[in-house]
Amino acid sequence: MIPANRTVLILLAAGRSRRFGDSDKLEQEFLHQPLAFHVVTALEDMPFLARFAITSGTKLDFARRGYTVIANESVEGDLSSSLRLGVAAARDLDADAVVIALADMPRVTAGHLYNLLDAADGPNAVVASSDGVQPRPPAVFGADQFSALLALEGDSGARDMVLGGKHVVAPANELLDVDTPEDLDYLRALVRPIRAVERRSD
């Protein structure tokens with residue numbers, strides 16, 4: 001187990017949203033708040049050593065939610081460049097591990113992140129989430145993996161590292177990410193039956 005208070009949370013919020021169209025998907029309304037702030041809210045009580053939000057062009061104010069904001073001004077602007085920025089900042093704090101989370105995954109829970117940290121067995125740890133089919137973020141990387149993360153390039157990010165690590169299964173609907181308007185429509189449709197039941201019980 002790696003404790004949360006020795007772990008840095010790196011929230012990746014610098015995606016170019018090419019598949020979403022002209023608007024910033026992270027600012028889209030979902031259940032009365034911006035899409036990106038759902039994971040922020042879900043994880044706000046976890047006692048992380050620090051929280052970094054890697055951003056590019058969004059108008060959302062992550063600093064007001066307790067994050068140190070790091071702007072990704074890389075020419076490449078790819079996933080790996082955001083990872084490198086966050087991991088470098090975590091290494092400067094002598095963190096035991098990082099948790100990599102995505103701002104476009106609004107249903108991730110603190111309970112699941114604690115499960116990931118519980119499964120991390122030391123500085124060599126690589127522990128990713130899984131829907132039972134394939135691994136995906138969020139993921140934990142121990143400090144001995146920082147050099148490998150800092151050497152990553154391109155949009156594949158840490159995919160190969162994650163494939164070779166441990167995988168902790170969570171319900172598929174908790175690991176939904178929003179890449180397209182259709183994904184957001186599907187996400188909104190998931191909560192409509194719950195809201196209908198709430199209205200009938202009033």
Side-chain angles (χ1 to χ4, degrees), residues 4 7-48 51-70 72 79 82-83 86 98-117 127-140 155 157-159 162 167-199:
T7 301
V8 168
L9 172 62
I10 300 172
L11 184 66
L12 302 184
R16 288 166 285 184
S17 304
R18 288 173 176 167
R19 295 168 60 190
F20 204 86
D22 295 332
S23 56
D24 182 355
K25 66 180 177 182
L26 300 182
E27 297 178 20
Q28 299 300 304
E29 186 274 335
F30 174 59
L31 293 179
H32 311 299
Q33 66 176 329
L35 180 76
F37 283 172
H38 282 270
V39 66
V40 168
T41 299
L43 307 182
E44 63 186 358
D45 290 332
M46 293 187 70
F48 290 114
R51 301 165 192 265
F52 296 110
I54 315 301
T55 67
S56 178
T58 186
K59 298 176 183 176
L60 297 175
D61 189 354
F62 289 96
R64 292 189 65 183
R65 301 298 300 265
Y67 286 74
T68 298
V69 176
I70 301 175
N72 184 349
L79 177 60
S82 289
L83 281 171
V98 295
V99 172
I100 308 296
L102 304 185
D104 63 0
M105 295 181 72
R107 293 175 63 85
V108 167
T109 67
H112 178 59
L113 259 63
Y114 278 119
N115 290 339
L116 294 176
L117 291 169
V127 185
S129 306
S130 174
D131 60 359
V133 178
Q134 62 183 20
R136 60 186 64 197
V140 174
D155 270 322
R159 186 177 304 161
V162 161
H167 303 148
V168 175
V169 175
N173 284 343
E174 289 186 14
L175 300 177
L176 290 173
D177 61 342
V178 176
D179 290 324
T180 67
E182 292 75 21
D183 292 337
L184 184 55
D185 289 341
Y186 175 75
L187 184 64
R188 287 170 172 159
L190 284 178
V191 303
R192 283 180 190 138
I194 297 173
R195 295 172 73 181
V197 169
E198 289 174 347
R199 285 196 296 270

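A quick note: this is a predicted structure, and the numbers were derived from the prediction, not measured.
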**Asked** Between H38 and F30, how do the two ring planes meet: parallel, tilted or perpendicular, split at 30° and 60°?
**Response** tilted
**Prompt:** Should V99 and F48 count as side-chain neighbours, where that means a heavy-atom distance under 4.5 Å?
**Reply:** yes
**Message:** Within the structure provided, determine whether V162 and R136 are in side-chain contact (heavy-atom separation under 4.5 Å).
**Reply:** no
**Item:** Check: V169 and D131 side chains under 4.5 Å, non-hydrogen atoms
**Value:** no
**Prompt:** Hey, are H112 and S129 close enough side-chain-wise for a donor-acceptor pair under 3.5 Å?
**Reply:** yes
**Message:** To the closest 0.5 Å, what do you measure between CG (L116) and NE2 (H167)?
**Reply:** 11.0 Å
**Request:** Indicate yes or no for a side-chain donor-acceptor contact from E27 to the backbone of K59 under 3.5 Å, with no hydrogens or angles considered.
**Result:** yes
**Request:** Please report the C-alpha distance between T55 and I70 in whole Å, then the side-chain angles of each, then the deciding distance to 0.1 Å, and finally whether the side chain to side chain contact (heavy atoms under 4.5 Å, CB included) criterion is met.
**Result:** CA-CA 6 Å; T55 67; I70 301 175; over 6 Å; no
**Message:** Looking at every non-hydrogen atom in both residues, tell me the closest pair between L31 and E29 and how far apart they are.
**Reply:** N-OE2, 3.2 Å
**Asked** Between D177 and D179, is any pair of side-chain heavy atoms under 4.5 Å apart?
**Response** yes
**Prompt:** Does the side chain of V127 come within less than 4.5 Å of N115's, by heavy atoms?
**Reply:** no
**Asked** So, the side chain of K25 versus the backbone of D104: is there a donor-acceptor pair under 3.5 Å, distance only?
**Response** no
**Prompt:** Backbone N or O of L176 within a donor-acceptor pair of the N173 side chain at under 3.5 Å?
**Reply:** no
**Request:** Would you name the heavy atoms of L102 and V39 that are closest together and state the gap between them?
**Result:** O-CG1, 4.0 Å
**Message:** Using a strict threshold of under 4.0 Å (side-chain N to carboxylate O), is an ion pair present between R65 and E44?
**Reply:** yes
**Request:** List the steps and the verdict of side chain to side chain contact (heavy atoms under 4.5 Å, CB included) for I54 and I10.
**Result:** CA-CA 7 Å; I54 315 301; I10 300 172; 4.0 Å; yes
**Prompt:** Quick one: does F62's side chain get under 4.5 Å of T68's, heavy atoms only?
**Reply:** no
**Prompt:** Can you find a pair of side-chain heavy atoms, one from M46 and one from L113, that are under 4.5 Å apart?
**Reply:** yes
**Request:** Please name the pair of heavy atoms, one in A103 and one in L11, separated by the smallest distance, quoted to 0.1 Å.
**Result:** N-CD1, 3.7 Å
**Item:** Residue pair V40, Y67: steps toward the side chain to side chain contact (heavy atoms under 4.5 Å, CB included) verdict
**Value:** CA-CA 9 Å; V40 168; Y67 286 74; 3.9 Å; yes
**Asked** How far does CZ of R107 sit from OG1 of T109, to the nearest 0.5 angstrom?
**Response** 10.0 Å
**Item:** For A110 against A42, the heavy-atom pair lying closest together
**Value:** CB-O, 3.5 Å
**Request:** Indicate the atoms forming the closest heavy-atom contact of L60 with L26, along with that distance.
**Result:** CD1-O, 3.3 Å
**Message:** Whether the N72 and S82 side chains hold a donor-acceptor pair (N or O, under 3.5 Å, no angle test) is what I'd like checked.
**Reply:** yes
**Closest approach of L175 to P137 (non-hydrogen atoms, all atoms of both residues)** = CD2-O, 4.2 Å
**Message:** Is there a side-chain contact between V98 and V140 in this structure, where contact means two heavy atoms from C-beta onward sitting under 4.5 Å apart?
**Reply:** no
